[in-house]
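I have placed the structure first, in the form of structure tokens, so that the comments after it can refer back to it.
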Amino acid sequence: MIGLLDCNNFYVSCERVFDPTIAKKSVVVLSNQDGCVIARSNEAKALGIEMGVPFFQIRALTKVEDIAVYSSNYALYGDMSSRVVETVRAIVPEVEVYSIDEQFLDFDTAHRRNAADTGQEVRTKVGQHTGIPTGLGIARTKTLAKIANRIAKKSLTHGGIYVLDHPQQIESMLALIAVSDLWGIGRRYAKKLGKYNVNTALDLYRCPESFVQQQMTVVGLRLWHELHGRPCLPLEQISKPKKNICTSRSFQQVQTDLPPLREAIATHANRCAQKLRAQGSAANYVQVFVQTNKHCPEQQYANSFTWTLPVSSNDSRLLIRYALQALERIFQPGYHYQKCGVIVSGLVPENAHQLSLFEPGTLGHTSGGQTPAEKGLQLMQVVDTLNDRYGRDKVQLGAMMSTKETASWRMQQNFLSPQYTTRFKDIPIAWCV
DNA sequence: TCTGGGGTCCTAGGACCC
DNA sequence: TCTGGGGTCCTAGGACCC
């Protein structure tokens, strides 16, 4: 049996753990730039606040209804997520961390009592150790576990846990679920299936296999088998290294000049390099993109440029250099830029990268010393160690740093909670920087 | 008139997830 | 005035190989 453990209203719950005064209040958490609502307490949902609604549309309501509003605090949520996973693993070792607030649990290899009892123990311990409430669905496949989890959360009578196993029980539950609510059915497929009068999960369950394959390819076929209790999606305990890494942000205010864009791109390129080093990868391609605000009626512009690096790299200095050259190629004066970003791709293991024939030091000069690439890697390791200990970007490159004139691109976070679990990193080490 | 039979790699576009 | 930021997989078609 497979379990899906899902943290209830995760970001809201994290904020509540450290501020009990909002335990009973309506709470919302906003996306970056305080743009959209991305998490809501049950009370906020009851007020009709939808997922993804722009904040400005509900700002008045938050005043009237005395709703607590938070900017997203990913340092806090990431840390709390790790604590939840740690607690779960102590009871059920075979775990797939699916997202920041969801894990799949393999109850079969846990060699425990029945899944429901073990699951209840997991929920209790997570609550005790972290203060985060959870819902748990248990079934024979991941897709059915997702459904069971929905039932566990929606229905108060099941106390946050639900086991979905008997065929008749599965069919009667599938009849109550819209096909669009299935894991793997998005807007497009829901619309397409609707044309064939396939509206509930049970309708899809009863479709012929050939129809599903024809209309939804092999992805849909897997979903269909999973609904019938035949696992097609294995538990993936070891997270695979990412194949692309992207860092992008909207600006606090639209930007028209090159200098603040250079600063933003340098900052994003550095973050990409950090993420690469964290997973032990190096990139072969660096892509930079810029875009204007598509919600505005004014003249639009969006463009990107991709460099192929001479050697694969995760050196912040090299990635910044290429990223800035890419920016120079696509920057056009006269536009109101709203967003920019850096994508690195063609990722390879950092220790297996292909040396360039022309890279200095790679031919005939390596006997006694290190190549520049090796030296660079060491330097980056030192920087990472310092920043890990003293806080993000305590040591940084000049290209990332702002002057008074260029700082207006940086993020808006008007409702940020304290770094409750990582606060010591805020202690400045100014003289070291 | 007829015009083989395999492959690989890359990219763009479409679909989905949180 | 104000509208997030990441990712994955699959398929079709084109270029190219022997």
Side-chain angles (χ1 to χ4, degrees), chain A residues 4 6-7 9-11 28-39 49-62 69-74 77-78 81 96-104 142-143 146 149 179-193 212-223 226 232-233 236 239-254 264 267-268 271-272 275 279 281 284-285 287 289 291-298 304 306 308 336 338-347 411-415:
Chain A
L4 177 65
D6 176 304
C7 299
N9 314 329
F10 183 55
Y11 297 171
V28 297
V29 178
L30 305 178
S31 66
N32 280 335
Q33 307 301 337
D34 296 338
C36 305
V37 173
I38 56 169
I49 298 174
E50 296 291 325
M51 184 71 175
V53 67
F55 178 53
F56 71 87
Q57 291 178 5
I58 60 150
R59 190 190 289 271
L61 184 69
T62 60
V69 178
Y70 289 86
S71 304
S72 40
N73 184 343
Y74 288 106
Y77 312 147
S81 177
E96 174 185 336
V97 179
Y98 177 66
S99 73
I100 195 165
D101 69 334
E102 286 173 72
Q103 297 121 49
F104 286 106
K142 284 183 165 181
T143 305
K146 271 269 188 186
N149 177 278
V179 74
S180 58
D181 286 336
L182 287 175
W183 189 39
I185 304 292
R187 257 184 242 119
R188 298 291 189 97
Y189 277 145
K191 197 173 164 194
K192 188 172 191 176
L193 290 169
V212 177
Q213 168 145 36
Q214 209 167 33
Q215 298 300 324
M216 305 167 68
T217 78
V218 66
V219 184
L221 198 57
R222 282 199 286 254
L223 164 61
E226 286 248 324
C232 299
L233 306 168
E236 288 172 20
S239 54
K240 294 182 198 143
K242 294 198 190 343
K243 297 172 180 177
N244 308 289
I245 287 172
C246 174
T247 305
S248 73
R249 289 287 181 282
S250 299
F251 302 124
Q252 188 196 135
Q253 304 164 16
V254 290
T267 302
H268 298 334
R271 271 301 291 156
C272 283
K275 291 177 187 175
Q279 75 161 24
S281 296
N284 276 301
Y285 308 103
Q287 181 181 4
F289 66 88
Q291 61 193 49
T292 51
N293 187 344
K294 52 182 183 288
H295 299 289
C296 285
E298 62 200 25
S304 73
T306 307
T308 303
H336 291 138
Q338 187 246 348
K339 182 175 179 176
C340 72
V342 176
I343 302 168
V344 291
S345 56
L347 307 192
M411 207 150 67
Q412 183 165 356
Q413 292 184 307
N414 287 332
F415 315 101

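Computed over heavy atoms, backbone and side chain alike; hydrogens, waters and symmetry mates excluded. Since this is a predicted model, take the numbers as computed values, not measurements. Reminder, nothing fancy here: chain letters follow the sequence lines and each chain counts from 1.
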As a test of reading the structure: which of [options] is closest to the side chain of [X], going by heavy atoms?
| X | options | value |
| --- | --- | --- |
| A:C36 | C:dG5, C:dT3, C:dC9 | C:dT3 |
| A:P54 | C:dG4, B:dC18, C:dT3 | C:dT3 |
| A:D101 | B:dC18, C:dT3, C:dG7 | B:dC18 |
| A:R222 | C:dT3, B:dC16, C:dC9 | C:dC9 |
| A:K243 | C:dT8, C:dT3, C:dC10 | C:dT8 |
| A:K242 | B:dC16, C:dG7, C:dC10 | C:dG7 |
| A:Q33 | C:dG5, C:dC10, C:dT3 | C:dG5 |
| A:C296 | C:dT3, C:dC9, C:dC2 | C:dC2 |
| A:C246 | C:dT3, C:dG7, C:dC10 | C:dG7 |
| A:V219 | C:dC10, C:dG7, C:dT3 | C:dC10 |

Check every strand shown and say whether [X] touches a base, only sugar-phosphate, or nothing at a heavy-atom separation below 4.0 Å.
| X | result |
| --- | --- |
| A:E102 | sugar-phosphate |
| A:K192 | nothing |
| A:V218 | sugar-phosphate |
| A:I100 | nothing |
| A:I185 | sugar-phosphate |
| A:Y98 | sugar-phosphate |
| A:D34 | nothing |
| A:L182 | sugar-phosphate |
| A:K146 | sugar-phosphate |
| A:K339 | sugar-phosphate |
| A:S72 | nothing |
| A:R271 | nothing |

Atom-pair distance ([atom1] on [X]; [atom2] on [N]), nearest Å:
| X | N | atom1 | atom2 | value |
| --- | --- | --- | --- | --- |
| A:N32 | C:dG4 | CG | P | 10 Å |
| A:F10 | B:dC17 | CZ | P | 21 Å |
| A:L193 | B:dC16 | CG | C1' | 13 Å |
| A:E96 | C:dT8 | CD | C1' | 13 Å |
| A:Q291 | C:dG4 | CD | C1' | 11 Å |
| A:I245 | C:dG7 | CD1 | P | 6 Å |
| A:Q213 | C:dC10 | CD | P | 13 Å |
| A:Q338 | C:dT1 | CD | P | 16 Å |

query: Any side-chain heavy-atom pair from A:I185 and A:M216 closer than 4.5 angstrom?
result: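 They are in contact (side-chain heavy atoms under 4.5 Å apart), so the answer is yes.
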- prompt: Any side-chain heavy atom of A:S345 within less than 4.5 Å of one from A:Q287?
  reply: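 Counting from C-beta outward, A:S345 and A:Q287 never come under 4.5 Å.
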task: Mark yes or no for whether A:S31, through its side chain, and A:I38, through its backbone, hold a donor-acceptor pair below 3.5 Å.
output: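 Not confirmed, A:S31 side chain does not pair with A:I38 backbone.
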Minimum heavy-atom separation for [X] to [Y], with atom names?
| X | Y | answer |
| --- | --- | --- |
| A:M411 | A:Q252 | O-NE2, 4.1 Å |
| A:L30 | A:S72 | O-OG, 2.9 Å |
| A:L221 | A:V212 | N-CG1, 3.8 Å |

- prompt: Hey, is the side chain of A:S250 poking within less than 4.0 Å of OP1 or OP2 on C:dG5, counting only N and O atoms?
  reply: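 Yes, such a contact exists.
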message: Say we look at B:dC17 and C:dG4: how far apart would their C1' atoms be, to the nearest angstrom?
response: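 Nearest-Å result for B:dC17 against C:dG4 at atom C1': 15 Å.
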Pairing of A:E102 and A:K146 as salt bridge, 4.0 angstrom limit: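 Result for this pair is yes, salt bridge flagged.
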- request: Sort out the partner of B:dG5 for me: Watson-Crick or G-U wobble, both distances under 3.5 Å, none otherwise.
  value: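 C:dC18 is the nucleotide pairing with B:dG5.
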message: On DNA chain C, does the nearest nucleotide to A:K240 precede the nearest nucleotide to A:F55 from the 5' side, or the other way round? Give the residue.
response: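 Going by which nucleotide is closer to the 5' end, it is A:F55.
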